[in-house]
Amino acid sequence: EQLRRRLLDAELSIRRAEAELVGEWRVFHRVLEGYDAGDMRYLAQRLVEWPDMIALLAVEQPSPQICFARGEQVSLDMSRLLRDALAPYGGRGGGKPHLAQGGGVSPADLQPVLERALEAVHEEQR
């Protein structure tokens, strides 16, 4: 577990560099392969230590899960964003304004859910 966390920590600056600039925010969105829900949540929490960062993450294993998180300079409610993104696919989730997690969708729906959330982020910045 400790080695896994070190690997995730080592990836942080790479993930930030891969993030898409949307207005004043950076958005890292990805279905993470080879990661589980615990890794996903840990990575989301570490990414949003950067105040301008939004993490829109999903994993397939052990079951499809999604996690949205935001840094302190981002005004979006992640719980609402997650519920809105999951609703058309029959998924459910919730959490707090800065961190939300959910599931109940098929693996094939993970990417469309992330794309729907990313579009909402773009709309917010227009």
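In this chain, numbering begins with 1 at the start of the sequence shown. Just so it is clear, the structure is predicted and the values come from calculations on it, not from any experiment.
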I'd like to check the side-chain hydrogen bond (donor to acceptor under 3.5 Å, both in side chains) partners of Asp9; sequence neighbours left out, ordered by chain and number. Tyr42, Arg46
CD1 of Ile54 to CG of Leu118, rounded to nearest 0.5 Å, is 9.0 Å
For Glu72, give me all partners under salt bridge (charged side-chain N to carboxylate O under 4.0 Å, His left out), at least two apart in sequence or on another chain. none
Determine, step by step, whether Leu110 and Val59 satisfy the side-chain contact (heavy atoms from CB on, under 4.5 Å) criterion, reporting the C-alpha distance in whole Å, the side-chain angles of both residues, the deciding distance to 0.1 Å, and the verdict. CA-CA 8 Å; Leu110 292 174; Val59 293; over 6 Å; no
Qualifying residue for side-chain hydrogen bond (donor to acceptor under 3.5 Å, both in side chains) with Arg126, from His122, Glu124, Glu123: Glu123
Can you give me every donor-acceptor pair (side chain of residues 87-109, partner residue at least two apart or in another chain, under 3.5 Å) with its distance?
residue : atom : partner : partner atom : Å
Gln101  : OE1  : Arg41   : NH1          : 2.9
Gln101  : NE2  : Gln65   : OE1          : 3.4
Ser106  : OG   : Ala108  : N            : 3.4
Ser106  : OG   : Asp109  : N            : 3.4
Ser106  : OG   : Asp109  : OD2          : 3.2

Start with the C-alpha distance between Phe68 and Asp77, add both sets of side-chain angles, then the distance that settles side-chain contact (heavy atoms from CB on, under 4.5 Å), and finish with yes or no. CA-CA 10 Å; Phe68 293 173; Asp77 182 330; over 6 Å; no
Side chains of residues 22-32: which donor-acceptor partners sit under 3.5 Å, not counting sequence neighbours?
residue : atom : partner : partner atom : Å
His29   : NE2  : Glu20   : OE1          : 3.2
Arg30   : NH1  : Glu18   : OE1          : 3.3

State whether Glu11 and Arg4 are salt-bridged, where the test is any N-O pair (Lys NZ or Arg NE/NH1/NH2 against Asp/Glu carboxylate O) under 4.0 Å. no
Which other residues end up in the same hydrophobic cluster as Leu21, if Ile, Leu, Val, Met, Phe, Trp and Tyr are linked when side-chain heavy atoms come under 4.5 Å apart? none
Report whether Met53 and Leu57 are members of the same hydrophobic cluster (ILVMFWY, side-chain heavy atoms less than 4.5 Å apart, transitive linking). yes
Partners meeting salt bridge (charged side-chain N to carboxylate O under 4.0 Å, His left out) with Asp84 (sequence neighbours left out): Arg80
Working to the nearest 0.5 angstrom, can you tell me the gap between Arg6 CZ and Glu1 CD? 12.5 Å
Under the criterion side-chain contact (heavy atoms from CB on, under 4.5 Å), I'd like the reasoning laid out for Asp52 against Arg16: C-alpha separation, chi angles, the key distance, then a yes or no. CA-CA 10 Å; Asp52 64 339; Arg16 178 166 171 83; 3.0 Å; yes
Distance col, row Leu43:CG vs Arg15:CZ, nearest 0.5 angstrom, shows 6.5 Å
Using 4.0 Å as the upper bound for N to carboxylate O, is an ion pair formed by Glu119 and Arg116? no
side-chain contact (heavy atoms from CB on, under 4.5 Å) between Val121 and Leu81: does it pass, once the steps are laid out? CA-CA 9 Å; Val121 172; Leu81 181 67; 4.2 Å; yes
